[in-house]
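Here is the structure we will look at, set down as structure tokens.
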Amino acid sequence: MASTAFRGVFALFVAVVIASPAWAQLEVVSNWLERVPQPSALVLFLVAVAGVLVGRYASRKRRDP
């Protein structure tokens with residue numbers, strides 16, 4: 001149990017260290033996101049449906065010839 005907790009804390013620490021250089025650009029990214037037009041809910045729904053269809057097609061099993 002302690003080993004799992006240690007791994008979790010270590011993983012969080014590593015994630016913070018890896019992501020810390022990106023924090024300097026957080027303001028730039030948030031300003032850019034405010035200016036970019038956001039897609040409508042219908043577009044997001046259609047992208048999600050297309051992703052499901054592509055995933056189902058890609059994961060189907062092929063029959064042996």
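These numbers were taken from a predicted model, which means no experiment stands behind them.
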Hey, are the side chains of Leu53 and Val49 touching, using non-hydrogen atoms and a 4.5 Å cut-off?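 Sidechains of Val49 and Leu53: in contact.
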Under the side chain to side chain contact (heavy atoms under 4.5 Å, CB included) rule, what do Leu12 and Val16 come out as? Steps first, then yes or no, please. CA-CA 6 Å; Leu12 285 174; Val16 167; 5.6 Å; no
Tell me whether the rings of Phe10 and Phe6 are parallel (<30°), tilted (30 to 60°) or perpendicular (>60°).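 Parallel.
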To the nearest 0.5 angstrom, please state how far the OG1 atom of Thr4 sits from the CZ atom of Arg7. 5.5 Å
Once rounded to the nearest 0.5 Å, what's the spacing between atom CD of Gln38 and atom CG of Leu44? 9.0 Å
Taking Glu34 for the side chain and Val29 for the main chain, is one N or O donor matched with an acceptor at less than 3.5 Å?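 It does not hold such a pair.
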